[in-house]
Amino acid sequence: MISVAITRAAFSPEAELAGFAARRDTGSGALASFIGYCRNKSADSAVEQLELDHYPGFTEREVERMTHGVGAKHGVGEILVIHRVGTIAAGEAIVLVAVASAHRAAAFAAAEELMDRLKTDAPFWKRELGPAGARWIEPTAQDYARREEHEE
Amino acid sequence: MISVAITRAAFSPEAELAGFAARRDTGSGALASFIGYCRNKSADSAVEQLELDHYPGFTEREVERMTHGVGAKHGVGEILVIHRVGTIAAGEAIVLVAVASAHRAAAFAAAEELMDRLKTDAPFWKRELGPAGARWIEPTAQDYARREEHEE
Amino acid sequence: MTRILFFGRLRDVAGHGERDIDLPDDVATIADLRAWIGRDDAVLGDALRCRSIRACVNHVISIDDNASVKGAEEIAFMPPLSGG
Amino acid sequence: MTRILFFGRLRDVAGHGERDIDLPDDVATIADLRAWIGRDDAVLGDALRCRSIRACVNHVISIDDNASVKGAEEIAFMPPLSGG
């Protein structure tokens with residue numbers, strides 16, 4: 001049960017997590033998850049909102065492909081990904097990744113790798129808007145290094 | 001804000017997570033979490049419930065100490081740990097670990113290390129009860145190996 | 001007719017997110033297309049020549065600047081990807 | 001008066017989780033205590049001699065079997081710990 005949603009609407013990560021947990025295989029004793037929020041401050045300035053651009057059709061397909069790839073690599077079949085696009089207010093959730101598995105190591109590894117790949121390989125473009133104006137955010141050298149660690 | 005609770009009462013991991021997320025520093029854009037459930041089957045047999053024994057007073061202190069240690073090591077100050085004791089029905093949550101941070105790598109690393117340490121270093125003793133009777137569960141060689149990886 | 005799309009900061013530079021264009025016959029590769037767009041808009045042309053900008057032809061990200069764009073329905077220009 | 005506690009599978013073997021006992025004078029160390037309990041209950045004594053069983057004296061886990069138990073208020077015997 002791999003589920004990927006790209007959505008403009010605000011969502012409750014906890015409600016989605018509860019639904020995912022309720023649908024999981026009852027042999028899956030481990031559920032690792034990650035929620036990424038729009039922060040209210042960046043390195044140097046206040047953030048009022050985030051704007052996430054995507055490529056309709058292509059983005060959905062790429063995130064689905066990435067999710068299935070990570071699931072197959074770690075032997076986990078239960079993954080939920082929800083990723084917002086459009087305008088996101090400070091404090092709101094941008095992304096939820098949840099992985100259920102019989103084994104906690106696989107659940108953690110898959111959730112972390114999926115987040116690392118979303119940061120560098122998923123077709124999204126984002127900018128922070130604050131009192132100082134807008135600023136495009138691109139992956140850091142550290143983000144690319146983390147992604148590289150997952151390559152064989 | 002480090003919060004540790006050892007409780008006999010069933011709890012909703014998602015409701016606790018929502019509360020933790022609401023209380024977090026608004027500069028913490030990353031929230032990694034892990035929920036461990038009582039599975040309905042073990043390696044070889046069905047599981048109806050789990051019984052978790054603990055050492056009142058000592059267990060609370062040790063889990064607090066462990067949580068502060070892992071937080072200090074990874075530079076994260078926002079951690080929630082809820083761990084049940086007593087009788088736990090199949091499907092119910094046993095443990096919730098949540099870590100909020102400005103950085104996703106630190107949040108993941110702290111959550112995972114805390115779970116690894118809870119598996120091998122926290123004063124709990126558990127047994128699975130099923131139609132075949134009761135069976136004490138002790139850490140596996142793999143559990144010990146994972147814990148060792150965190151040592152300097 | 002080919003749809004040309006610009007994402008992220010390229011959308012700001014281009015002043016639009018997408019436009020339908022009849023590509024001239026001498027625009028055969030991604031490199032040709034970058035140069036051809038640059039003839040019309042030097043600033044956008046400069047932005048497109050940046051090494052970190054990748055082209056995506058009919059939903060396939062291309063790392064070869066000599067890849068063909070002949071008959072392509074959609075060509076997207078993408079700054080570094082960054083979700084999460 | 002010293003409280004002796006048994007956890008996990010040791011509780012099953014002992015048949016109880018805790019008991020208050022006046023330790024005789026010649027029980028000075030954890031090793032002495034293991035042996036002394038074994039005199040009364042051979043099965044429990046065997047279980048206690050297992051290398052994986054650790055003693056916890058006044059809330060401090062001891063790895064030294066020669067650690068003193070003189071005047072201890074609480075001594076717990078613990079099979080391998082396992083939470084989560």
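Not measured: the values here are computed from a predicted model. Chain letters run A, B, ... following the sequence lines, proteins first and then strands; every chain starts at 1.
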(message) Below 30° counts as parallel, above 60° as perpendicular, anything between as tilted: where do the rings of B:Phe108 and A:Phe108 land?
(response) perpendicular
(message) Report, in residue-number order, which members of residues 125-143 of chain A are under 4.5 Å from chain B by heavy-atom distance.
(response) A:Asp143
(request) Could you have a look at B:Val99, B:Val47, B:Asp116, B:Val95 and say which one has the most heavy-atom pairs with chain A under 4.5 angstrom? (result) B:Asp116
(request) With a 4.5 Å cut-off on heavy-atom pairs, point out which of B:Glu112, B:Met115, B:Lys41 contacts chain A the most. (result) B:Glu112
(message) With chain B as the partner, which of A:Cys38, A:Ala107, A:Ala100, A:Ser33 has the greatest number of non-hydrogen pairs under 4.5 Å?
(response) A:Ser33
(message) Looking at chain B, which one of A:Glu14, A:Arg146, A:Arg104 has the largest number of heavy-atom pairs inside 4.5 Å, strictly under?
(response) A:Arg104
(request) Using non-hydrogen atoms and a 4.5 Å limit, figure out which bit of A:Ala111 sits close to chain B: side chain, backbone, both or neither. (result) both
(message) With a strict 4.5 Å heavy-atom criterion, list every residue of residues 17-30 of chain B that contacts chain A, or say none.
(response) B:Leu17, B:Ala18, B:Ala21, B:Arg24, B:Asp25, B:Thr26, B:Gly27, B:Ser28, B:Gly29, B:Ala30
(request) Tell me, for B:Ala105 versus chain A, whether the close heavy atoms (under 4.5 Å) come from the side chain, the backbone, both or neither. (result) both
(message) Would you say that more than 12 heavy atoms from the other residues, nucleotides or ligands in this model lie under 6.0 Å from the CZ of A:Arg61, or not?
(response) yes
